[in-house]
There are 2 protein chains.
Amino acid sequence: MAGHGPYSCGLDAAVDLVGGKWKALILWELHTGPRRFAELRRGLPGVSEKMLIQQLRELEADELVHREVYRQVPPKVEYSLTDFGVSLNQALLPLGDWGERHMARITTNRCR
Amino acid sequence: MAGHGPYSCGLDAAVDLVGGKWKALILWELHTGPRRFAELRRGLPGVSEKMLIQQLRELEADELVHREVYRQVPPKVEYSLTDFGVSLNQALLPLGDWGERHMARITTNRCR
DNA sequence: TGCGGTACTAACCGAAAGGTAAGTGGGATG
DNA sequence: CATCCCACTTACCTTTCGGTTAGTACCGCA
């Protein structure tokens, strides 16, 4: 996980946190409430188990996501946003709106 | 430049646009006004010429940055935000603030 | 000629990120 | 026993990203 060392500004640091192919989507999926692993996977078409757990582990290390292990069979592990993660998601709202509004343009530009 | 094809949501698309080691910093540097290549490079400690031009080209392709070539000697090329780029920077403000406020925590978490 | 200014391009390489496939553990059930 | 549930882990490989190095073009000037 290669964040460059000292960050030049807040934006640099924040963008680093959500960098990772599936992180933004995971954060968004958890916005609506806690999810079990398989639920998360179903909500993120195309993600492999390996990539999902990897990115969840990183988000957990960054204290954005909380992982709760339930001692039961079958096993149950639940992921939810920490307060820190919730605050990040709040800060991401305007960016998400912007992306939604300009989706057609972004897509067109990326296809050339 | 690996944006995954269809985006699942606006956030996914927007985060893809600023993904790239130097892009957020470049967008931020241009926030205050147009810059020539060398000026940009001086404002971004650690960036190589190759990386700078590469990321500028991508930002240009995404229509976030405008490149103006002046026919003179020595050569002068000026980079500035497009209106589209300005709107993105506006949407990034809350995220930048968030990052600034939580810088210590982000840095601590990343060092473990 | 060499040197400077400015803004690149190209070749090559190593590191990092992402992915596929196979396997694990602890049960419960037929 | 085999099969299922759930949530992972591991080995290996491919692709992408970021970086280093050398070079280019077009001048102006000593």
Side-chain angles (χ1 to χ4, degrees), chain A residues 1-8 12 15-27 29-30 34-62 65-80 110, chain B residues 1-8 12 15-27 29-30 34-62 65-80 110:
Chain A
M1 178 168 65
H4 40 64
Y7 297 112
S8 299
D12 194 20
V15 167
D16 214 27
L17 283 190
V18 299
K21 180 160 182 181
W22 299 101
K23 284 185 185 172
L25 291 174
I26 291 168
L27 288 169
E29 195 67 24
L30 291 176
R35 289 283 188 281
R36 288 188 294 118
F37 185 82
E39 285 178 328
L40 266 178
R41 193 176 176 199
R42 277 196 296 275
L44 301 169
V47 73
S48 64
E49 288 176 3
K50 184 254 186 180
M51 288 311 302
L52 183 54
I53 191 62
Q54 181 175 308
Q55 306 263 283
L56 282 167
R57 292 297 193 177
E58 289 174 21
L59 289 168
E60 191 189 357
D62 285 336
V65 163
H66 173 63
R67 178 171 174 271
E68 187 81 50
V69 182
Y70 293 80
R71 297 166 178 275
Q72 69 175 51
V73 170
K76 176 182 175 181
V77 180
E78 195 172 76
Y79 296 89
S80 55
R110 281 285 165 120
Chain B
M1 181 169 64
H4 39 67
Y7 295 114
S8 300
D12 194 21
V15 167
D16 214 27
L17 283 191
V18 298
K21 179 160 184 181
W22 299 100
K23 284 185 184 172
L25 292 174
I26 290 169
L27 287 168
E29 195 67 25
L30 291 176
R35 289 282 188 281
R36 288 187 296 119
F37 185 82
E39 285 177 329
L40 267 178
R41 192 175 175 200
R42 276 197 298 274
L44 301 168
V47 72
S48 65
E49 287 176 3
K50 184 256 185 180
M51 287 311 302
L52 183 53
I53 190 63
Q54 181 176 308
Q55 306 262 284
L56 282 168
R57 292 295 193 177
E58 289 173 20
L59 289 168
E60 189 189 359
D62 287 334
V65 163
H66 173 64
R67 177 172 174 270
E68 186 82 47
V69 181
Y70 294 81
R71 297 167 178 274
Q72 69 173 51
V73 170
K76 176 181 175 182
V77 180
E78 196 172 75
Y79 295 90
S80 56
R110 281 286 166 118

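As a basis for the values below, the full set of heavy atoms in this structure was taken, side chains included, without hydrogen atoms, waters or symmetry mates. Protein chains get the first letters and strands the later ones, always in sequence-line order, with residue 1 at the start of each. As the structure is a computational prediction, the values presented were derived from the model and not from experiment.
Between B/D16 atom CG and C/dG18 atom P there is a gap of 11 Å when expressed in whole angstrom units. Nucleotide D/dC6 holds its P atom 15 Å from the CG atom of A/L52, rounded to whole Å. For A/M51 and C/dA21, the CE to P distance is 16 Å, given to the nearest whole Å. Rounded to whole Å, atom C1' of D/dC8 lies 18 Å from atom OH of A/Y70. Rounded to whole Å, the distance from CD on A/E60 to C1' on D/dC8 is 13 Å.
We find the CZ-CD1 distance between B/R41 and B/I26 to be 12.0 Å, quoted to the nearest 0.5 Å.
Each end of the helix from C/dT1-D/dA30 to C/dG30-D/dC1 gets its own axis, taken as the rotation carrying the C1' atoms of four end pairs onto the next four within a five-pair window, and the two axes meet at 30° to the nearest 10 degrees.
For B/R35, the side chain to side chain contact (heavy atoms under 4.5 Å, CB included) test picks out B/E29, B/L30, B/T32, B/E39, B/L40, with sequence neighbours left out. For A/P74, the side chain to side chain contact (heavy atoms under 4.5 Å, CB included) test picks out no residue, with sequence neighbours left out. In this structure, the side chain to side chain contact (heavy atoms under 4.5 Å, CB included) partners of B/R57, at least two apart in sequence or on a different chain, are B/I53, B/E60, B/R67. Qualifying side chain to side chain contact (heavy atoms under 4.5 Å, CB included) partners for B/K50, counting only residues two or more places apart in sequence or in other chains: B/S48, B/Q54.
B/Q55 has a side-chain polar atom (N or O) that falls below the 4.0 Å cut-off from OP1 or OP2 of D/dG18. Checking the phosphate oxygens (OP1, OP2) of C/dT9, no side-chain nitrogen or oxygen of B/Q54 falls inside 4.0 Å.
Residue A/K21 has its side chain nearest to C/dG18 when only C/dT20, D/dG19, C/dG18 are considered.
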For a quick check, with a 4.0 angstrom heavy-atom cut-off, what is the B/S/- contact string for nucleotides 1-8 of chain C, read 5' to 3'?
----BBSB

